[in-house]
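We count ligands from 1, going down the list as the structure has it; atoms in each ligand are counted the same way. Remember, it's a predicted structure, so these values are computed and weren't measured experimentally.
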Amino acid sequence: MSHDTFRTGGAPLPATFDPPGPSSPSVHLNLNVRGAAPSATLQVNEMCDTLEREGREVFRLGLGQSPFPVPEPVVQALRDNAGRKEYLPVRGLEALREAVAAYHRRRTGTARLAENVLIGPGSKELMFLLQMVYYGDLVIPTPSWVSYAPQARIIGRHVRWIDTASANDWKLQPDDLEKLCASDPGRPRIVVLNYPNNPTGHTYSDRELQQLGEVARRYRVIVLSDEIYGEIHHQGAHVSIARYYPEGTIISTGLSKWCGAGGWRLGTFTCPRHLGWLLEAMAVVASETYTSTSAPIQFAAVTAFEGGPFIGPYLRDSRRVLAALGRHCAAVLRGAGLQLPEPVGGFYIFPDFRPFREPLRARGVRTSSALCRSLLQDTGVATIPGESFGRPPEELTLRMAYVDFDGGAALDAVAALGEETALHDAFLRTRCPRVTEAMDRVANWLRALGDIDERPDEQEMKEVS
Ligand code: PMP
C-alpha cells in the first residue's frame, strides 16, 4: 500500500496517523495479534497450490473438511428460504433453538430448553465469544484443534496446556486435570474437551467421561464440550460428558461436520440453565459484532436438527465409509511401522513417526513441520504438523484428514451395497482412491527410508509425550 492511500484531499495527515514505515510494519497492530502467523492449514494449502502449478499430483489430507454433500432435504430447505432476508434474533431463530434443544434431549439425555441455546456463525465464533466474555484460564489438552489457543491469545486469556501421551491414545487423564486444578483450586477455568477428537480420531469411553466429569465438578470448572464430530462417531455411539456433569457442561456443535456444511457457517452452544448469564453476555457481544446468523441458513438448519427419515441413512452411510476408511488408513500406516490410535470417530488420524527418528534425522528432518514439508515434497501427500496441535516441535507427529474423495459418490455406492455388506479394501480403492493411494505412498516412503528404531528409548518418550 502506498503512503498516498493514507492521505485525504492531498493534505498531510497529523503525525499520529502516519502509516507504519517499512521497518516497523506492524507497529500499530494489537499486541495480541502482532507476530501471529497464518494458520498451518493455510500454509500447507499454499504449498499444495505451488506443487499443483508445477504439475505435481497432490493428495489433500491437510484440510479437515467433510467430504459428504449436505443432505438434499436440508439443501431444499435452504432453497425454500433463500428469500428470507430479515435480521433474526441475536440468540437465533426460535424454531431452530427449539430444534437444537430437542436434538440434545434426544441425543444426550440432557434437559436443555430453547432458552439454553445460542446460535452463531460457526461454533468457532461462539468459542471466541465465550472466551471473550468469561474471565478465566483456558485449559487445553495437547494435541488439540488448532484454533483454541490462538483465540485465547488474541483475546489475552491465559492458556494452560495439559500434556497427554500416545500410550494413552492422547487422551486427557483425570489425574492430570486434577493436578492442574488442585494447584490453584479457586481459579476460574474453561476446560476444552473435544471428542471424537481432532486431530487423533479417538474418543473417550463412558467411564473416562464420568471420571473427568467428577474432577470438573470438584473444582467447578466449565467444560466446553466440543462435540462437532459427535454424530460421526463411527459406530454412532457418541456419549456427551453432559450426561455426567450436566450443570457445568456447554455442548458445542454445528452443521460443519455431520451435515457436510462447513461453509454454511452455523454453530450452536447449549448451556446448563444456571450458566444463562454466560449466554446472555455472549449475545451482547454478538449483537455488537455480527448481529445474527444468516437467516436462510438458520431456517435450513431447523430441517437438519429436526432430523427426519433422511438423516438416519445419511449418517449411517457416512459413518460406514469413514469407519472402513479410517481402519484401512491406520492398518496401512501401522503395517509400515508407525504408531497411532485406532480411529473411532471423525475423519482424522494422528500417526507418530518416532520409530523413524534416526533415518529422518539423517535426512535433516528433526521437527514435525520439516516432516510435513518433506512428505509433501517427496510423495505429494499434504498433512498438518503435530506442532500446530500444541505438540512439541521436535515430536514427529502429523495429522492426516482422510477426506480427499467424492463423498456423494461414496454414499451412493455404499447405499447400493445394502446394510449387511462390509466395505472391503476393493471398495475403498475404487471409491476413495486418492486416500488409499496417499496411504500407499506414505508407506512406501517409509520403507524407502530404511531401518527403523523398533522401540523409541524411554528418555525420548518422556521428552516428547
Ligand atoms: N472444533 C473442532 C474440533 C473443529 O475441527 C472445528 C472445525 N474444523 C471446529 C470446532 C469449528 O467448526 P465450525 O466453526 O465450522 O462450527
Side-chain angles (χ1 to χ4, degrees), residues 39-42 44-45 60-68 70 74 92 96 100 103 117-132 138-152 154 164 170-172 190-204 223-233 238 240-241 249-270 282 286 289-290 293-294 297-298 300-301 304-305 322 343-350 383-384 386 388-390 399-403:
S39 81
T41 320
L42 288 182
V44 171
N45 272 348
R60 290 187 180 256
L61 308 194
L63 188 63
Q65 177 159 283
S66 167
F68 301 115
V70 181
V74 182
L96 178 57
V100 170
Y103 163 87
V117 175
L118 183 62
I119 308 296
S123 61
K124 193 184 213 173
E125 179 66 26
L126 293 177
M127 288 171 194
F128 189 77
L129 289 187
L130 174 66
Q131 295 197 58
M132 171 80 90
L138 191 74
V139 178
I140 321 177
T142 63
S144 270
W145 177 50
V146 293
S147 289
Y148 305 127
Q151 287 192 347
I154 290 167
T164 67
W170 307 107
K171 290 195 269 190
L172 175 62
I190 296 174
V191 177
V192 183
L193 217 54
N194 165 229
Y195 55 102
N197 185 260
N198 173 6
T200 68
H202 222 292
T203 195
Y204 292 94
V223 173
L224 173 58
S225 184
D226 183 350
E227 303 180 29
I228 193 114
Y229 298 95
E231 287 289 6
I232 43 174
H233 182 294
H238 175 70
S240 172
I241 192 171
T249 300
I250 300 173
I251 305 174
S252 174
T253 187
L255 294 185
S256 299
K257 309 299 172 179
W258 61 269
C259 201
W264 286 20
R265 309 308 301 130
L266 186 130
T268 74
F269 263 23
T270 310
M282 289 170 68
T289 50
Y290 61 77
T293 305
S294 157
I297 300 295
Q298 292 203 55
F305 279 99
L322 293 176
V344 295
F347 33 68
Y348 305 106
I349 46 175
F350 194 64
T383 60
I384 307 281
S388 300
F389 302 91
R399 186 195 78 178
M400 298 176 174
Y402 46 94
V403 294

Anything under 3.5 Å between a donor and an acceptor, one on a side chain of residues 226-233, the other on a protein residue two or more places apart or in another chain? List them.
residue: Asp226; atom: OD1; partner: Ile228; partner atom: N; Å: 3.3
residue: Asp226; atom: OD2; partner: Tyr148; partner atom: OH; Å: 2.6
residue: Glu227; atom: OE1; partner: His238; partner atom: NE2; Å: 2.8
residue: Glu227; atom: OE2; partner: Tyr195; partner atom: OH; Å: 3.2
residue: Glu227; atom: OE2; partner: Ser225; partner atom: OG; Å: 2.6
residue: Glu227; atom: OE2; partner: Ser240; partner atom: OG; Å: 2.6
residue: Tyr229; atom: OH; partner: Lys257; partner atom: NZ; Å: 3.4
residue: Tyr229; atom: OH; partner: Tyr348; partner atom: OH; Å: 2.6
residue: Glu231; atom: OE1; partner: Arg107; partner atom: NH2; Å: 3.2
residue: Glu231; atom: OE1; partner: Arg319; partner atom: NH2; Å: 3.0
residue: Glu231; atom: OE2; partner: Tyr103; partner atom: OH; Å: 2.8
residue: Glu231; atom: OE2; partner: Arg107; partner atom: NE; Å: 2.8
residue: His233; atom: ND1; partner: Gln235; partner atom: N; Å: 3.1
residue: His233; atom: ND1; partner: Ala237; partner atom: N; Å: 3.3

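- Applying the side chain to side chain donor-acceptor pair (under 3.5 Å) definition to pairs two or more places apart or across chains, those involving residues 123-132 are Gln131-Gln151.
- The salt bridge (charged side-chain N to carboxylate O under 4.0 Å, His left out) search around Arg60 returns Asp49, Glu52, not counting sequence neighbours.
- A donor-acceptor pair is defined here as one N or O able to donate and one able to accept, closer than 3.5 Å; such a pair exists between the side chain of Gln298 and the backbone of Thr293.
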(message) Let's go through Asn197 and Phe389 carefully: what are the C-alpha distance in whole Å and the side-chain angles of both, what is the deciding distance for side chain to side chain contact (heavy atoms under 4.5 Å, CB included) to 0.1 Å, and is it a yes or a no?
(response) CA-CA 11 Å; Asn197 185 260; Phe389 302 91; over 6 Å; no
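- Using a 4.5 Å cut-off on side-chain heavy atoms (C-beta onward), His202 and Val344 make contact.
- Contact shell of ligand 1 (protein heavy atoms, cutoff 4.0 Å): Gly122, Ser123, Lys124, Met127, Trp145, Tyr148, Asn194, Asn198, Asp226, Ile228, Tyr229, Ser256, Lys257, Arg265.
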